[in-house]
Amino acid sequence: MLALRSFLQSTVATAPSLCHQQTRNTFILKRKHPLPLHKKGGKPTKMRGRHFVYDLVEDTNIAKKPDIKVILNQFINGVGVKGDVLSLRPTQAYRDYLMPGLAVYASPENLVKYKSVENEPKAENSYSSPYVRRTLGRFSKLVLQITMNKLQPWTLEPWHISASFRKSGFIVPEYAIEMPPVQIKGPDLSLQDKEFLITVTINKTEKAKVRCRIHHWATGLDRLPWEEFHWKQPKEALIPDQAAELENMPLPQ
Amino acid sequence: MAGTLFRSMFTNTLSFYKCNSSNLRSLHTATVSYAARKGTRAKARAKKVKVEVTKVGFIPHNQRGKDKISKSNVSKHLDDTFKPLAKDDVYPLKYYSWIVYTAEDAVKAHQQTHHPTMYNVPDAFVIARVEMNMEAAKKNRFMDSFTRLSLLPHTFPRDEERTILAFCKGSELIKEAMDAGATTAGGTDLIKKIQDGQIKIGDYDYVVAHPNIITELVPIRGLMKRRFPNVRSGTLEPNLKDLVRKFSGGVQYRVLKDEHQENFGFVEVPIGRLNMEPKQVAENIEAFLKDLQSARPKRDGLFITRCLLLSPPSPEKLKIDPFVYVDKTLSKEVREDSDDEGDAVAATA
């Protein structure tokens, strides 16, 4: 019996461990009734039944795991560029980035490997920031309504467009707006059913064309009638040069 | 086993002494069921919550479950801190947390959209929308909706007219009150007119008085009912001039508690006009927020949660930081001082 046990122990100890998975089932317990102290060098006191009653302090199996770091190995729209280190929840990182092969673990070797990426010449289809492509996508579908007064005289200026952008939920500073080649003056009801393009420069690098329409605003009897789904209706170009370009841009459906 | 051995030895000893073994029963020490103490059962009975069954009358089929629809699980306290801050200079706001403007910048932005070339309403109201956490000092208790009046440092023309009836003795005081903006001011002769029925109290929005006339006012107490001037409601003060000015020029606001979400309250109040200097509007906001903060319950955490500046007809809502003007949380000393927290809340309510 004894020989058999020693034999088994020796074989188990020498054989390579088959389970490489780290066990996470640690339960940290605390004795409900602590053992009494015994004299130095003396015999420990006999343990009673109550000494085997425990309180659960922590179950490491259900403890929240910390975020893990991954490095992107390509440009991802709205997320980051190649070489960016992201800190993510483990499930999200594994399911969305590591499994599809969009990122690698941020191991010391990988960190060194992807550090040199920053110095590489940028690819042609790269952007000044990971969010630019998303912004461009939003601009391509946008029909910017510029509310101008129907009774007071005005000339269209960049701050009018900047304020109209802010009203429709876009932050565009005045310096980023490039006005159309012709000066637009009003009030002129012939402008009401026309559209034109302006150019917005994102991060002073990427340029985007935005479709604009002027609406003449007044209250009471002067108010223009409401047109249903006016943003879906195709309109005439105000500037003939832009007509072809406007026709190619899709309208929101 | 040891027990039976011991028992047999014990009986043996007893039989040796010629005692009856049945007497053993008296040695048995089981717990005796004593009656619970006198107060215990009464206490337990008092603790039991009485379930009141309310009879629901007939509800037509098309109106059933209407209250369920209006109840939403989404908290009205919006929190966009999980959204990132923008790094680009041109971006759609949808994906980022709201921009926090300074009060001056927010007013300037509204001035742009209300410019004569755009909306052409250069004297539009600037309206402050303040959202609050209505939790009271005690747990699971909530503040009620309340109304307050606060005097802003820079007055601006409003749509409403207020009528004020001021009581005081002495021609000088009467003149002061009239100059400050009282509709009618007077002394004993005015009281007589009210008694005769020539002047009706109901025609006036507010009734204020100087303490030197309060004894003469007692006969018409029955006519005034709850509007009888008193210190607690702030309608009786020796400084009549400032009092009248507060009632004539101050803004009245009502903080409304949400019907379905008790910890959410909000107030919308005009605090200026766009043709004022942005700095003046900012000072008005400061005074208003400080007045609102004085109604704060004595508890930990936020009271004012969000502050927006609106200006119709523009649909824009611009967020400003209220905590540059008022404290974010209550200081610890104030919280520990107050023993009668409930009373403080009741007084403001």
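Naming: A, B, ... by sequence-line order, numbering from 1 per chain.
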_For the backbone of B:Ala109 and the side chain of A:Arg166, can you confirm whether one donor and one acceptor N or O come within less than 3.5 Å of each other?_
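Confirmed, A:Arg166 side chain pairs with B:Ala109 backbone.
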
[atom1] ([X]) with more than 12 external heavy atoms under 6.0 Å:
| X | atom1 | answer |
| --- | --- | --- |
| B:Lys257 | NZ | yes |
| A:Met99 | CE | no |
| A:Lys32 | NZ | no |
| A:Glu236 | CD | no |
| A:Tyr94 | OH | no |
| A:Arg223 | CZ | no |
| B:Glu277 | CD | no |

*Go through A:Ile171 and B:Val90 one step at a time and tell me if the side-chain contact (heavy atoms from CB on, under 4.5 Å) criterion holds.*
CA-CA 6 Å; A:Ile171 301 302; B:Val90 175; over 6 Å; no

*Does the side chain of B:Pro313 reach to within under 4.5 Å of the side chain of A:Trp217, using non-hydrogen atoms?*
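When only atoms from C-beta onward are counted, A:Trp217 and B:Pro313 do touch, with a gap below 4.5 Å.
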
_Toward chain A: residues of residues 110-125 of chain B with heavy atoms under 4.5 Å_ =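 Heavy-atom contacts from residues 110-125 of chain B to chain A are B:Gln112, B:Thr113, B:His115, B:Pro116, B:Thr117, B:Met118, B:Tyr119, B:Asn120.
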
*If you round to the nearest 0.5 Å, how far is CZ of A:Arg134 from CG of B:Asp88?*
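If we round to the nearest 0.5 Å, B:Asp88:CG and A:Arg134:CZ are 8.5 Å apart.
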
_Interatomic spacing from OG1 in A:Thr135 to OH in B:Tyr95 - rounded to 0.5 Å_ = 8.0 Å

*What part of B:Pro315 gets closer than 4.5 Å to chain A, counting heavy atoms only: side chain, backbone, both or neither?*
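Just its side chain gets close to chain A.
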
*What part of A:Thr155 lies closer than 4.5 angstrom to a heavy atom of chain B: side chain, backbone, both or neither?*
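For A:Thr155, neither part sits under 4.5 Å from chain B.
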
Side-chain donor-acceptor distances from residues 172-190 of chain A under 3.5 Å, at least two apart:
from     : atom 1 : to       : atom 2 : distance (Å)
A:Tyr175 : OH     : B:Asp89  : OD2    : 2.9
A:Asp188 : OD1    : A:Ser190 : N      : 3.2
A:Asp188 : OD1    : A:Ser190 : OG     : 2.7
A:Asp188 : OD2    : A:Ser190 : OG     : 3.0

